[in-house]
Amino acid sequence: MLTTWRAGAVLARVMVLAAGLSLTASAAGCHSAPRPGQPAGHPVTARPGRSAAGPAAPSPAAPSPAAPSPAAGHPAAAGCPAAPYGARRYAPGSSKTVALTFDDGPGRSTAAILAILARYRVPATFFNIGVAMAARPWLVREEVKGGYAMGDHTWNHPHLAALSAARQAAELSQASAEQRSIAGTMPCAFRPPYGEYDPTTLRLAQQRRMGVWLWSVDTLDWMVKGPGSSNSVQRIIWLAEQGGALLHPIVLMHDGRQGNPATVTALPAIIQFFRSHGYRFVALLPCGPSGSGSNPLSARQ
């Protein structure tokens, strides 16, 4: 538990920094292992649409207006660097680096998150779901226009290890095709829903030139309903700050379809914490207009 003085300090910081949430600006940035440990109190089974670090029992994917259908082949992600086999959960780069990542979007909070990232000139990686991209294509275009790294998070957020190879391939391919149809780009990174994968998942991602990225710091922000209380916002911040014990943390947050307003409130304090502790913000892949190349934001940190 946080001590009384720590809770008060964090709350004050949130109140000061949250004043900048309404800022609208366009960002410039980068375009585009063992499973993380299960923290105490982490739900064993997460609902579809929520990432979870621990094992989860297979459950059917939620109905969608256009479920993926198996395809015989797949397009390689043009411009993406060759992807290694395996999953990684630490940010790239030398010295102290931190990668902010957002799963399950785009959603109701995505625009506010983009405005904060632009204000603080911080790169990030968005792992989008196909059905969410289809519902809010303009936000996908804003992410690409802003130069943020784009990641595939499947079409409908299923438990991949419970699916056949053909169904897994369809989940990856249709989500990538949706981004291509909306923004003319292909994702160079992949994050399996719930952090669950098997050798088939790793092989399919590598074939598509998508590096598989998990996380090393889980904020559990998806558990907070609505804007949340000051205590719940403080908890998100405190969990994110546990990355301060690592040299290269990857921080997991969400911008799901229904919105994550508590995440929006906590984000400025999280950014300030890592910046004040000497971390350089990075995307999970070096990026450029086609998904590879230099990261314009990296030099500004």
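The chain is numbered in sequence order, starting from 1.
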Handout entry: NE2-NE2 distance between His159 and His157, expressed to the nearest 0.5 angstrom
Key = 8.5 Å
Check residues 105-114 and write down every donor-acceptor pair under 3.5 Å in which the side-chain atom is one partner and the other belongs to a residue at least two apart or another chain.
from	atom 1	to	atom 2	distance (Å)
Ser109	OG	Asn260	N	2.7
Thr110	OG1	Gly107	N	2.7
Thr110	OG1	Gly107	O	3.3
Thr110	OG1	Asp255	OD2	2.8

Practice task
Give, for atom CZ of Arg136 and atom CD of Glu143, the distance between the pair rounded to the nearest 0.5 Å.
Solution key: 11.5 Å
Practice task
Would you please say whether a donor-acceptor pair under 3.5 Å links the side chains of Asn128 and Glu178?
Solution key: no
Exercise for the section: Consider only side-chain N and O atoms of Arg208 and Ser176, and report whether a donor and an acceptor are under 3.5 Å apart. Expected result: no
Handout entry: CA sep, side-chain torsions, deciding dist, call: Phe281, Arg121, side chain to side chain contact (heavy atoms under 4.5 Å, CB included)
Key = CA-CA 9 Å; Phe281 291 93; Arg121 300 167 69 85; over 6 Å; no
Handout entry: Rounded distance (nearest 0.5 Å) linking atom CD of Gln174 with atom CE of Met133
Key = 9.5 Å
Practice task
Could you tell me whether the side chain of Arg280 and the main chain of Gly93 form a donor-acceptor pair under 3.5 Å?
Solution key: no
Exercise for the section: Rounded to the nearest 0.5 Å, what's the gap from CD on Gln206 to CG on Leu204? Could you check? Expected result: 10.5 Å
Problem - Qualifying residue, where the test is side chain to side chain contact (heavy atoms under 4.5 Å, CB included) with Leu252 and the options are Asp103, Leu100, Thr219 - result: Asp103
Problem - Any Asp104 side-chain heavy atom under 4.5 Å of Arg257 side chain - result: no
Practice task
Would you confirm whether Thr97, through its side chain, and Val282, through its main-chain N or O, come within 3.5 Å as a donor-acceptor pair?
Solution key: no
Problem - Cluster link Val251 to Tyr148, ILVMFWY, side chain under 4.5 Å - result: yes
Completion exercise
Heavy atoms of Ala83 and Gly211 approach each other most closely as CB-N, 3.6 Å
Problem - Test item: Ser216 side-chain N/O and Tyr90 main-chain N/O as donor-acceptor pair under 3.5 Å - result: no
Practice task
Could you tell me whether a side-chain N or O of Ser276 sits under 3.5 Å from a main-chain N or O of Phe273, the two making a donor and an acceptor?
Solution key: yes
Exercise for the section: Please tell me if the side chains of Val224 and Trp222 come closer than 4.5 Å, counting only heavy atoms from C-beta onward. Expected result: no
Exercise for the section: Answer with yes or no whether the hydrophobic clustering places Tyr85 together with Phe190; edges join I, L, V, M, F, W, Y residues whose side-chain heavy atoms lie under 4.5 Å apart. Expected result: yes
Exercise for the section: For Thr263, check side-chain hydrogen bond (donor to acceptor under 3.5 Å, both in side chains) against everything at least two apart and list the hits. Expected result: Asp221
Practice task
May I ask you to decide if Pro192's main-chain N or O and Glu196's side chain share a donor-acceptor pair within less than 3.5 Å?
Solution key: no
Exercise for the section: Determine whether Ile116 and Arg119 make a side-chain contact, defined as any pair of heavy atoms from C-beta on separated by less than 4.5 Å. Expected result: no
Completion exercise
Interatomic distance, CG@Leu202 vs CD@Gln207, rounded to 0.5 Å, equals 11.5 Å
Practice task
Tell me whether the guanidinium CZ or amine NZ of Arg191 lies under 6.0 angstrom from the six-membered ring centre of Trp213 and within 45° of its axis.
Solution key: no
Practice task
Look at the side-chain heavy atoms of Ile, Leu, Val, Met, Phe, Trp and Tyr, link any pair under 4.5 Å apart, and say whether Leu139 and Val122 land in one connected group.
Solution key: no
Fill in the blank from the handout: d(Glu241 CD, Ile237 CD1) to nearest 0.5 Å is 7.0 Å
